[in-house]
Amino acid sequence: MKPAGLLLRARLRLARIDPLVALVLALLLAGAAAQVALLPARAQLNEDYEAARLAARTPLPPRPLPAAPPPSSDQNLRDFYAALGERRGVEHQLKQVFALAERHGLALRQGEYRATNDRNAKLVAYQVNLPVKGSYGAIWEFAMDVLRAIPHASLDDVAFRRDSVGEAGVEARLRLTFYLADGRSP
């Protein structure tokens with residue numbers, strides 16, 4: 001059969017169909033096409049729902065514990081006085097300084113020592129001025145070791161001096177302060 005004949009037969013059959021039935025058939029075909037087109041979106045939606053259900057079943061992380069309240073000013077003051085050294089142990093601390101200097105190969109000459117009593121703060125500041133001779137690195141290592149060994153000490157000043165450029169060693173003056181409890185109760 002020729003294509004023109006087929007076309008004519010299709011037109012005649014369509015002319016015999018009721019327009020209302022044709023509309024219903026067209027709507028059914030459109031609905032079926034929409035269902036087929038929406039299958040991937042429905043599968044994605046099901047995956048999203050499953051992921052949400054899994055997340056809902058997962059337990060929440062534990063709540064962080066509340067931070068401890070900051071210490072009171074009285075506690076800070078007690079901690080401060082507990083961190084001070086003992087006045088009667090200053091000779092032992094000086095021996096420790098001299099032993100550290102010897103360990104670093106430094107020559108310590110006669111130092112200057114001065115204690116000042118601060119009655120308001122209820123502490124004694126024991127200042128030590130030490131002339132030191134040795135290499136630059138050894139002097140710094142010595143100073144840091146003193147601060148590690150004696151936690152209530154501070155390094156207040158360091159002054160370096162070299163007489164000539166070609167000289168291997170340097171002379172330094174270190175000023176340390178030991179903060180000591182004066183023996184009275186805070």
Side-chain angles (χ1 to χ4, degrees), residues 1-85 96-97 100-101 103-106 121 123 132 134-162 165-170 172-179 186:
M1 207 178 246
K2 295 184 179 181
L6 287 175
L7 190 59
L8 181 62
R9 274 189 182 179
R11 282 175 100 198
L12 287 174
R13 284 189 185 185
L14 284 175
R16 280 190 271 162
I17 297 177
D18 186 16
L20 187 58
V21 171
L23 179 65
V24 168
L25 284 174
L27 287 174
L28 283 173
L29 281 174
Q35 287 294 325
V36 169
L38 292 177
L39 279 176
R42 183 172 290 152
Q44 181 62 42
L45 184 64
N46 285 338
E47 287 178 19
D48 291 346
Y49 276 136
E50 189 57 37
R53 285 185 200 106
L54 180 64
R57 286 191 299 261
T58 304
L60 293 174
R63 290 186 182 196
L65 296 175
S72 67
S73 58
D74 290 337
Q75 182 61 44
N76 283 337
L77 191 59
R78 282 191 297 273
D79 292 345
F80 170 75
Y81 284 115
L84 296 176
Q96 208 172 0
V97 168
L100 285 170
R103 193 174 99 204
H104 286 283
L106 300 175
L123 62 89
V132 181
S135 73
Y136 180 82
I139 293 172
W140 273 118
E141 288 176 18
F142 161 68
M144 294 302 116
D145 281 349
V146 167
L147 294 177
R148 279 190 280 278
I150 306 171
H152 53 273
S154 68
L155 179 61
D156 301 328
D157 188 36
V158 178
F160 290 97
R161 191 183 83 151
R162 186 182 305 218
V165 176
E167 194 173 322
V170 294
R173 179 167 286 284
L174 281 74
R175 187 174 72 218
L176 299 162
T177 303
F178 300 150
Y179 293 96

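If you're wondering where the values come from, they're calculated on a predicted model, not measured in any experiment. Computed over heavy atoms, backbone and side chain alike; hydrogens, waters and symmetry mates excluded.
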Are any of the side-chain heavy atoms of [X] and [Y] separated by less than 4.5 Å?
| X | Y | answer |
| --- | --- | --- |
| Arg53 | Glu50 | yes |
| Val146 | Leu155 | no |
| Asn46 | Arg42 | yes |

>> Side chains of Asp74 and Ser72: any donor to acceptor distance under 3.5 Å?
In response: no

> When rounded to the nearest 0.5 angstrom, what is the spacing between CG in Asp79 and CG in Leu84?
Replying inline: 11.0 Å

> Quick one: CG on Leu174 to CG on Asp157, what's the gap to the nearest 0.5 Å?
Replying inline: 8.5 Å

Where do [X] and [Y] come nearest, in terms of heavy atoms and distance?
| X | Y | value |
| --- | --- | --- |
| Ile150 | Gln96 | CG1-OE1, 3.8 Å |
| Ala121 | Tyr81 | O-OH, 2.5 Å |
| Asn76 | Pro71 | OD1-CG, 3.4 Å |
| Phe160 | Ile139 | CE2-CG2, 3.8 Å |
| Ser135 | Leu106 | N-CD2, 4.4 Å |
| Leu123 | Tyr179 | CD1-CD2, 4.1 Å |

> Sequence neighbours excluded, which residues qualify as salt bridge (Lys or Arg N to Asp or Glu O under 4.0 Å) partners of Arg162?
Replying inline: none

> Which residues satisfy the salt bridge (Lys or Arg N to Asp or Glu O under 4.0 Å) test with Asp145, sequence neighbours excluded?
Replying inline: Arg103, Arg148

